[in-house]
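Only one structure is covered here, and it is reproduced in the block below.
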Amino acid sequence: MIRRLKRSELPEDTEALARYLIGKTVVHKAVSGRIVETEAYVIGDAAGHAYRGPTPRNHSLFLKLGHAYVYVVYGRLKLLNVSSERAGVGAGVLIRALEPIEGVAIMQRRRGTSQLRDLTRGPGCLTVAIGVSMRHDGVDLCNGGPLWLGSAAKPAGPIGISVRIGLTREAHRRLRFYERGNPFVSGPRRLNA
DNA sequence: AGTGCGATTGACT
DNA sequence: GTCAATCGCACTA
């Protein structure tokens, strides 16, 4: 059974949090998914949105561990992150892919497809499927609210590590984590060995 | 005040 | 495999 994760259970360190979240769950009301792919955007990371200091857009990255940072990219896609580190430090973990658990019919309706594999594979897809929007930017994921992090639905399998996807800066850093062999992991085949 | 550009997706060859 | 869509925001002036 899935239970709410307490803030004290989450590793404060960004890279440790990214690894820790593999196999855990994201729950939004009646819809949930198992996290199978993450990326760490660490302290002092030139590829991170917090790199040049706080702005109205990246404010949530500076909240204490366990808050949502949601932002829009390419003018239409919402991406979900979990803030890491202490309050005032800008860093976080991008949730890149989920394995659907509950609310599959709702996800199918929201995504406009019945293909299970296409529901939550990719960071811009999963936010649509679980109904995350800009309203959730800055919300606390550990305070009993409708959007929360849950315990592992089943233990994580072997963890793979690769470079992060789609970056131009800091492109060599191996800060992407995924469950090996899981069909819901996004990204090119060569990175998912 | 104007401009350039993404932590991607999906349609098309 | 290639490539356009799309717009809020940070950066320059």
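Chain identifiers are assigned alphabetically (A, B, ...) following the order of the sequence lines, protein sequences preceding nucleic acid strands; residue numbering begins at 1 within each chain.
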**Asked** Are K29(A) and E102(A) close enough for a salt bridge, meaning some N to O gap below 4.0 Å?
**Response** no

**Prompt:** Can a salt bridge be assigned to the pair R164(A) and D45(A) using a cut-off of 4.0 Å between side-chain N and carboxylate O?
**Reply:** yes

**Prompt:** What is the pairing partner of dT6(C), taking Watson-Crick or G-U wobble pairs with both distances under 3.5 Å in any strand?
**Reply:** none

**Request:** Would you mind building the protein contact string for nucleotides 3-13 of chain C? One character per nucleotide, 5' to 3', B for base within reach (heavy atoms under 4.0 Å), S for sugar-phosphate only, - for untouched.
**Result:** --BBB-SSS--

**Prompt:** Does a side-chain N-to-carboxylate-O contact under 4.0 Å join E99(A) and K154(A)?
**Reply:** yes

**Item:** Counter-base of dA7(B), judged by Watson-Crick or G-U geometry with both distances under 3.5 Å
**Value:** none

**Request:** Please report, rounded to the nearest Å, how far the C1' atom of dT8(B) is from the CG atom of L126(A).
**Result:** 12 Å

**Message:** Distance check needed: dA7(B) P versus R96(A) CZ, whole Å only.
**Reply:** 11 Å

**Prompt:** Between dG10(B) and R111(A), is there an OP1 or OP2 to side-chain N/O distance shorter than 4.0 Å?
**Reply:** yes

**Request:** Figure out the CZ/C1' separation between R164(A) and dT8(B), and round it to whole Å.
**Result:** 16 Å

**Prompt:** dA7(B) P sits how many Å from L61(A) CG, rounded?
**Reply:** 12 Å

**Request:** Starting from C1' on dT8(B), measure out to CD on E39(A) and report it in whole angstrom.
**Result:** 12 Å

**Request:** State the OH-CG distance between Y20(A) and L10(A), to the nearest 0.5 angstrom.
**Result:** 5.5 Å

**Request:** Mind calculating the distance between CG (L77(A)) and C1' (dA7(B)) to the nearest angstrom?
**Result:** 11 Å

**Gap between atoms CG and P, on N81(A) and dG6(B) respectively (whole Å)** = 17 Å

**Message:** What is the distance, to the nearest angstrom, from the CZ atom on R190(A) to the P atom on dG1(C)?
**Reply:** 11 Å

**Request:** May I ask you to check whether H49(A) and Y41(A) place their ring centers less than 6.0 Å from one another?
**Result:** no

**Asked** Between E85(A) and K64(A), is the closest basic N to carboxylate O distance under 4.0 Å?
**Response** no

**Asked** Distance check: side-chain N/O of R121(A) vs OP1/OP2 of dT9(B), anything under 4.0 Å?
**Response** no

**Nearest listed nucleotide, side chain of C125(A), among dG10(B), dT8(B), dG6(B)** = dG10(B)

**Message:** Between S162(A) and R176(A), is there a side-chain donor-acceptor contact under 3.5 Å, judged purely by atom types and distance?
**Reply:** yes

